[in-house]
There are 2 protein chains.
Amino acid sequence: MSAQMPEIPWHKPRKAEPRQPLSRSLIVETAVRVLDAEGLSGVTMRRVAQELGTGPASLYAHVSNKEELFELVLERVVSEIRLPPRPEPERWKEQITEVCFEAQRVLTSHRDVSLVSLGSIPLGESQLAITEFLLDLLLQVGLPPQVAAWALDGLGQLIDTDAYEASVYAERIARGTDIHEYFGQLRTFLLALPTDRFPKLQGMADTMVTGDGDERYAFKIEVFLRGLESYLPADARTRRAGGADGGDRADHVLRTDRADRTVDA
Amino acid sequence: MSAQMPEIPWHKPRKAEPRQPLSRSLIVETAVRVLDAEGLSGVTMRRVAQELGTGPASLYAHVSNKEELFELVLERVVSEIRLPPRPEPERWKEQITEVCFEAQRVLTSHRDVSLVSLGSIPLGESQLAITEFLLDLLLQVGLPPQVAAWALDGLGQLIDTDAYEASVYAERIARGTDIHEYFGQLRTFLLALPTDRFPKLQGMADTMVTGDGDERYAFKIEVFLRGLESYLPADARTRRAGGADGGDRADHVLRTDRADRTVDA
DNA sequence: TCGACTCGTAGAACGGTGTTCGTCCAAGGA
DNA sequence: TCCTTGGACGAACACCGTTCTACGAGTCGA
């Protein structure tokens with residue numbers, strides 16, 4: 001590539017910038033930029049077109065729909081998710097947890113893009129790669145194929161839903177709502193409930209508002225994985241004693257819970 | 001109440017019908033009617049107002065937002081969910097499964113209303129009643145309070161997400177897409193994947209598309225409940241042998257899976 | 001070299017959306 | 001009786017996704 005020649009001064013082009021031509025990927029890239037800046041609801045055909053210095057009609061030559069554009073944006077985002085080099089069945093629960101948190105990290109770093117994936121079957125290349133990885137791992141662990149297949153459904157839902165929920169909270173925080181104050185209000189609300197109709201909810205107000213998003217996410221993953229574990233054929237269940245594998249983010253629950261136990265008496 | 005007097009013929013009111021006055025509940029009721037007829041995206045302020053024979057501005061005296069209207073609609077819908085008369089801890093898993101299916105039945109009977117509940121904390125009266133019931137049940141079973149509290153989160157997400165997913169499929173069917181053909185295409189797509197990059201997915205195409213929404217839903221619930229079960233303190237674990245309790249919709253998995261096992265070799 | 005023909009580019013417009021403003025009017029309290 | 005108040009509502013604002021249509025530049029065959 002040679003150095004760029006300067007423009008001949010008096011030969012000014014009709015349009016100020018001889019913009020690079022539109023293309024699917026350029027449009028998607030721009031849409032992601034808008035997404036990051038203004039959230040999913042800010043990604044409109046007009047807004048993206050404006051960012052490209054043109055009108056909304058121009059986009060329709062490369063993208064048939066806003067829906068299709070969203071799918072492309074989702075796929076672009078999902079492609080940022082990094083998978084472990086290979087499945088390690090001997091620590092499958094930790095590895096799945098890692099993938100879930102990596103997915104959430106990437107998804108929530110692009111505002112509420114997870115809303116797109118909630119209703120759609122993940123058929124993009126990167127999405128399939130993640131599915132393939134998890135499926136491979138689950139099969140190597142020894143889960144029955146039908147269990148593994150259906151488990152993917154559940155894991156996908158878990159990831160998407162939690163990412164979306166997290167993004168809703170993030171949005172709230174970004175709009176100025178202090179998260180502590182918010183949970184405080186929630187706690188006050190629960191405490192103010194009529195005791196006769198909502199005894200447990202009222203009594204457990206503190207327990208209900210305990211734990212941030214990550215803790216709750218880790219807990220849900222752990223519950224799901226323990227449930228999956230119960231589908232392992234007897235000969236595939238290795239004998240690592242249950243609580244000894246460290247690094248479990250939600251394990252402290254079993255240690256702290258006895259303290260709260262009183263509210264329930 | 002006396003009989004209605006006839007209108008004086010020449011004293012015709014300016015407006016043809018002396019409509020009953022607007023009110024929050026009338027607006028919500030109308031919105032639900034529109035929802036059932038045209039789906040959530042059909043519920044617009046203009047459409048609801050038109051149904052009431054007025055303009056959109058009139059609604060804002062009773063409802064501050066479209067968002068608030070949606071919340072009210074959701075609460076109205078959720079109030080249709082019928083709970084069992086009382087928690088029965090000795091069959092807690094069956095009872096929770098029943099509640100989940102009842103919730104899904106009601107939610108999906110109102111199109112894609114579940115989309116509303118995905119991002120919002122359930123603070124409506126009926127929603128709280130369900131939460132209270134489940135919380136009570138989980139505590140009676142003997143789950144640690146913190147586990148029970150967080151489990152509610154997971155169950156709520158499971159219900160909402162699956163209801164939304166089911167409604168997306170229902171919408172597709174209503175728009176003419178044959179569901180068998182759709183799954184057939186999905187299977188073909190999976191079979192056409194490059195073997196080197198997606199060996200498991202391609203090999204398990206049939207297993208992946210096995211099972212309708214209800215089966216998969218039942219499976220996910222069962223997995224979650226088995227996971228919860230593992231948090232039971234030893235003294236709360238009753239000794240009913242694991243597989244003997246009938247009526248479990250997803251149990252056949254453990255019997256059929258061996259057949260599909262071959263694809264995985 | 002020239003003409004025809006394609007195809008990406010866009011301006012304008014259509015029919016929608018949520019929400020606000022200002023006006024009007026009827027019911028209720030003083 | 002007057003005055004206040006609050007609901008009703010037409011009009012308008014600023015958007016939205018999408019389509020129609022004209023235009024213009026590039027390419028390809030003759």
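The structure displayed is predicted, hence computed values, not measured ones. Excluded from the calculations below are hydrogen atoms, water molecules and symmetry mates; all remaining heavy atoms, backbone and side chain alike, are included.
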Any side-chain N or O of [X] less than 4.0 Å from the OP1 or OP2 oxygen of [N]?
| X | N | value |
| --- | --- | --- |
| A:T54 | C:dA10 | yes |
| B:H62 | D:dG6 | no |
| A:S58 | C:dA10 | yes |

Presence of salt bridge, A:R187 and A:D206, under 4.0 angstrom: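 Result for this pair is yes, salt bridge flagged.
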Round to the nearest Å and state the distance from A:I27 atom CD1 to C:dT9 atom P.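 Taking CD1 of A:I27 and P of C:dT9, I get 8 Å after rounding.
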For the pair made of CZ in B:F70 and P in C:dT17, what is the distance, rounded to whole Å?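 Value for this atom pair: 11 Å.
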Hey, what bend do you get for the helix from C:dT1-D:dA30 to C:dA30-D:dT1 if you fit axes on five pairs at each end, rounded to 10°?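 Helix axis angle between the two ends: 10°.
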Less than 3.5 Å apart, any donor N or O on the side chain of A:D160 or A:S114 sitting next to an acceptor on the other?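 A:D160 vs A:S114: no donor-acceptor pair found between side chains.
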B:Q157 and B:T161: side chain donor to acceptor below 3.5 Å: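 Their side chains do not contain a donor-acceptor pair, so the 3.5 Å distance test is not met.
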Report, as a single string ordered 5' to 3', how protein heavy atoms within less than 4.0 Å touch nucleotides 17-23 of chain D: B base, S sugar-phosphate only, - not at all. BBBB---
Could you label the plane-to-plane angle of the A:F183 and A:Y169 rings as parallel, tilted or perpendicular, counting under 30° as parallel and over 60° as perpendicular?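 Parallel, since the angle between the ring planes stays under 30°.
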For A:R47, give me all partners under salt bridge (charged side-chain N to carboxylate O under 4.0 Å, His left out), at least two apart in sequence or on another chain.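 Applying salt bridge (charged side-chain N to carboxylate O under 4.0 Å, His left out) to A:R47 gives A:E38, A:E51.
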If you define the side chain from C-beta out and look only at heavy atoms, does anything of A:D112 sit under 4.5 Å from A:V168?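 Side chain of A:D112 against side chain of A:V168, heavy atoms only: no contact under 4.5 Å found.
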